[in-house]
Amino acid sequence: MKITSLLVLKCNPEGSDPIILANATDVSHFGYFQRSSVREFIVFVARTVAKRTPPGQRQSVQHEEYKVHAYNRNGLVALGFMDDHYPVRSAFSLLNQVLDEYLKNFGESWRTVQADSTQSWPYLEEALVKFQHKTIDSVLERGEKLDSLVEKSSDLSAASQVHVQDLIPLCIHQFAILHMHLTAWEAFLSIPFINIYIVAWD
């Protein structure tokens with residue numbers, strides 16, 4: 001599950017292009033020469049979707065393997081670019097939290113803003129990272145529980161338990177690589193098969 005970008009925009013009632021109030025974007029998973037174009041495309045899509053999200057409403061727009069989620073709270077819009085595997089409920093919960101935090105920090109000052117902001121907002125940058133790795137952190141916790149389950153298992157010999165104990169960190173690392181392409185549940189289910197394969201190979 002991947003978040004590529006989080007933005008906060010001001011929608012103008014007269015129908016002109018929305019103004020970007022805050023923008024946190026991670027394009028590190030794109031090729032170096034693509035990144036500038038991707039940033040520009042994100043801004044273009046963000047303005048387009050925000051402009052077409054009525055006040056008080058939420059909507060999700062599909063674009064290839066990505067979904068753009070938008071929430072318009074009386075003209076103040078939070079918008080996120082997530083991959084297809086990011087849960088919709090979690091996405092809108094995050095956008096709601098972003099708007100709460102923006103109003104807490106800046107109040108109603110956004111209503112008078114007339115141009116895009118080029119200054120970074122630390123909270124948004126931190127949110128982009130924090131909610132990016134939430135799934136990995138939860139799997140690390142599972143790995144620790146799996147550790148104790150291995151010790152209690154009657155299905156594994158003592159020798160196999162040693163192998164599996166050593167391989168749990170490796171499998172968690174494999175999950176970190178796979179999580180971009182699988183749902184969290186699919187990736188978690190793949191861990192035992194990775195274990196069995198490597199133990200059998202030894």
Side-chain angles (χ1 to χ4, degrees), residues 1-10 18 20-30 32 34-35 38-39 41-43 45-46 49-50 53 58-63 65-73 76-107 109-110 116-147 168-191:
M1 296 191 291
K2 176 74 177 173
I3 306 176
T4 298
S5 187
L6 293 171
L7 302 96
V8 180
L9 303 94
K10 170 192 174 182
I20 294 175
L21 303 172
N23 180 357
T25 299
D26 174 18
V27 292
S28 60
H29 51 293
F30 291 95
Y32 179 80
Q34 294 178 301
R35 293 175 186 175
V38 170
R39 286 181 182 276
F41 182 73
I42 286 172
V43 169
V45 172
V49 174
T53 304
R58 299 173 173 84
Q59 71 167 330
S60 298
V61 179
Q62 184 83 36
H63 177 70
E65 72 271 27
Y66 290 92
K67 276 185 179 173
V68 183
H69 303 286
Y71 174 32
N72 185 334
R73 189 191 290 177
L76 185 64
V77 180
L79 193 143
F81 285 72
M82 284 88 163
D83 68 16
D84 236 349
H85 302 307
Y86 206 94
V88 174
R89 181 176 295 182
S90 297
F92 283 114
S93 176
L94 172 56
L95 297 183
N96 190 58
Q97 185 175 329
V98 166
L99 290 180
D100 286 344
E101 199 66 28
Y102 188 89
L103 290 170
K104 179 181 173 182
N105 281 266
F106 303 104
S109 63
W110 63 274
D116 290 344
S117 172
T118 57
Q119 294 183 341
S120 65
W121 178 27
Y123 169 82
L124 203 61
E125 300 286 349
E126 291 167 8
L128 187 65
V129 174
K130 177 181 178 181
F131 292 96
Q132 199 83 259
H133 298 289
K134 187 174 182 181
T135 300
I136 296 176
D137 291 340
S138 66
V139 170
L140 289 174
E141 291 171 9
R142 288 174 187 165
E144 292 169 358
K145 293 173 186 174
L146 186 61
D147 223 359
I168 286 173
L170 173 61
C171 292
I172 291 172
H173 174 69
Q174 290 294 325
F175 174 85
I177 297 172
L178 289 171
H179 88 286
M180 288 285 293
H181 307 288
L182 303 172
T183 65
W185 182 240
E186 289 170 334
F188 179 63
L189 287 178
S190 72
I191 291 176

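When reading the values below, keep in mind they use all heavy atoms of this one structure, side chains included, and skip hydrogens, waters and symmetry mates.
The CG atom of N72 lies 10.5 Å from the CZ atom of R58; values are rounded to the nearest 0.5 Å. With rounding to the nearest 0.5 angstrom, the NZ atom of K104 is 10.0 Å from the CD atom of Q97. For the atom pair F92 CZ and S60 OG, the distance stands at 3.5 Å (nearest 0.5 Å). Here S117 contributes atom OG and K10 contributes atom NZ; the two are 13.0 Å apart, rounded to the nearest 0.5 Å. To the nearest 0.5 Å, the span separating OG on S5 from CZ on F41 amounts to 12.0 Å.
D84 pairs by the side-chain contact (heavy atoms from CB on, under 4.5 Å) definition with Q62, K67, not counting sequence neighbours. Every residue two or more places apart in sequence or in another chain that forms a side-chain hydrogen bond (donor to acceptor under 3.5 Å, both in side chains) with N23 is listed here: T25. For W121, the ring pair (Phe, Tyr, Trp, His ring centres under 6.0 Å) partners two or more places apart in sequence, or in a different chain, are Y102, F106, Y123. By the side-chain hydrogen bond (donor to acceptor under 3.5 Å, both in side chains) test, T53 pairs with Q59, sequence neighbours left out. Among residues two or more places apart in sequence or in another chain, the side-chain hydrogen bond (donor to acceptor under 3.5 Å, both in side chains) test is passed with Q119 by none. Every side-chain hydrogen bond (donor to acceptor under 3.5 Å, both in side chains) that R73 has, sequence neighbours left out, goes to N96, D100.
Minimum interatomic distance between Y71 and L95 (heavy atoms only, all atoms of both residues): N-CD1, 4.2 Å. Across S120 and P122, no two heavy atoms sit closer than the pair O-CD, 3.6 Å. Annotation for L6 and G80: closest pair CD2-CA, 4.1 Å, computed over non-hydrogen atoms. The two residues V77 and A50 come nearest to each other via the heavy atoms CG1-CB, 4.0 Å.
Distance alone, capped at 3.5 Å, is enough to place a donor-acceptor pair between the R35 side chain and the F30 backbone.
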Quiz item: So L76 and L21, side-chain contact (heavy atoms from CB on, under 4.5 Å) or not? Walk me through it.
Solution: CA-CA 9 Å; L76 185 64; L21 303 172; 3.5 Å; yes
Self-check item: Working for side-chain contact (heavy atoms from CB on, under 4.5 Å), residues M82 and L94
Solution: CA-CA 11 Å; M82 284 88 163; L94 172 56; 4.1 Å; yes
Quiz prompt | Stepwise side-chain contact (heavy atoms from CB on, under 4.5 Å) test for L79 and V68 | solution = CA-CA 7 Å; L79 193 143; V68 183; 3.5 Å; yes
Quiz prompt | Check against side-chain contact (heavy atoms from CB on, under 4.5 Å), Y86 and D83 | solution = CA-CA 6 Å; Y86 206 94; D83 68 16; 4.0 Å; yes
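Proximity of V27 to Q34: side-chain heavy atoms (C-beta onward) are nowhere separated by under 4.5 Å. In this structure the side chain of L124 reaches within 4.5 angstrom of the side chain of V98, judged on heavy atoms. Taking 4.5 Å as the limit, every side-chain heavy atom of V45 sits out of range of all side-chain heavy atoms of V61.
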